Amino acid sequence: MVTGHRPLLCRGCAGNLYAVCTMDHAGGNKVGQWEVDHEMPVPCPLSGLLPLTGTAASVHDLPGAEEVLGPPV
């Protein structure tokens, strides 16, 4: 879970998202394997994009993060 940051919100429904990252520290690697999804199942227009998974240095660097993370627009 991401700690020390503002809660992650879904851009589609304003629901809370969780983010889990598994880090491989071998060789000073700073890239992690991420999974981001709704904390609780909710009807959401972006449900087809979640869970958001991938490898990135930050949750905001994940492909598709700009479409999913943040307050509704």
Side-chain angles (χ1 to χ4, degrees):
M1 176 178 278
V2 177
T3 59
H5 299 279
R6 292 190 338 237
L8 294 174
L9 296 178
C10 177
R11 192 172 292 272
C13 68
N16 288 329
L17 300 172
Y18 73 80
V20 177
C21 179
T22 305
M23 299 293 286
D24 178 7
H25 295 288
N29 192 359
K30 301 235 188 270
V31 175
Q33 180 66 38
W34 290 89
E35 177 180 300
V36 181
D37 204 352
H38 289 102
E39 286 184 1
M40 300 193 53
V42 294
C44 177
L46 299 180
S47 62
L49 299 176
L50 294 163
L52 186 63
T53 60
T55 303
S58 163
V59 68
H60 296 284
D61 294 334
L62 284 169
E66 65 281 351
E67 297 174 51
V68 176
L69 302 179
V73 290

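Because the structure is a prediction, the values reported are computed rather than measured. All heavy atoms count here, side chains included; hydrogens, waters and symmetry mates do not. Nothing fancy with the numbering, it's 1 onward along the sequence.
Considering only residues two or more places apart in sequence or on other chains, Ala56 meets the side chain to side chain contact (heavy atoms under 4.5 Å, CB included) condition with Trp34, Asp61, Leu62. For Glu66, there are no side chain to side chain contact (heavy atoms under 4.5 Å, CB included) partners two or more places apart in sequence or in a different chain. With sequence neighbours excluded, the residues forming a side chain to side chain donor-acceptor pair (under 3.5 Å) with Thr55 are Gln33, listed by chain and number. The side chain to side chain contact (heavy atoms under 4.5 Å, CB included) check on Leu49 picks up Leu46, Glu67, Val68, with sequence neighbours excluded.
Rounding to the nearest 0.5 angstrom, the gap separating the CG atom in Leu9 from the CG atom in Asn16 is 6.0 Å. Between atom CG of residue Leu8 and atom CD of residue Glu39 there is a gap of 9.0 Å, rounded to the nearest 0.5 Å. Note that CG of Leu69 is 6.5 Å distant from CG of Leu17, once rounded to the nearest 0.5 Å. With values rounded to the nearest 0.5 angstrom, Cys10 atom SG is found 6.0 Å from Leu50 atom CG.
Taking both residues in full, the closest heavy atoms of Gly32 and Met23 are given as CA-SD, 3.5 Å, listed atom of the first, atom of the second, then distance.
Looking only at side-chain heavy atoms (C-beta outward), Glu35 and Cys21 stay at 4.5 Å or farther from each other.
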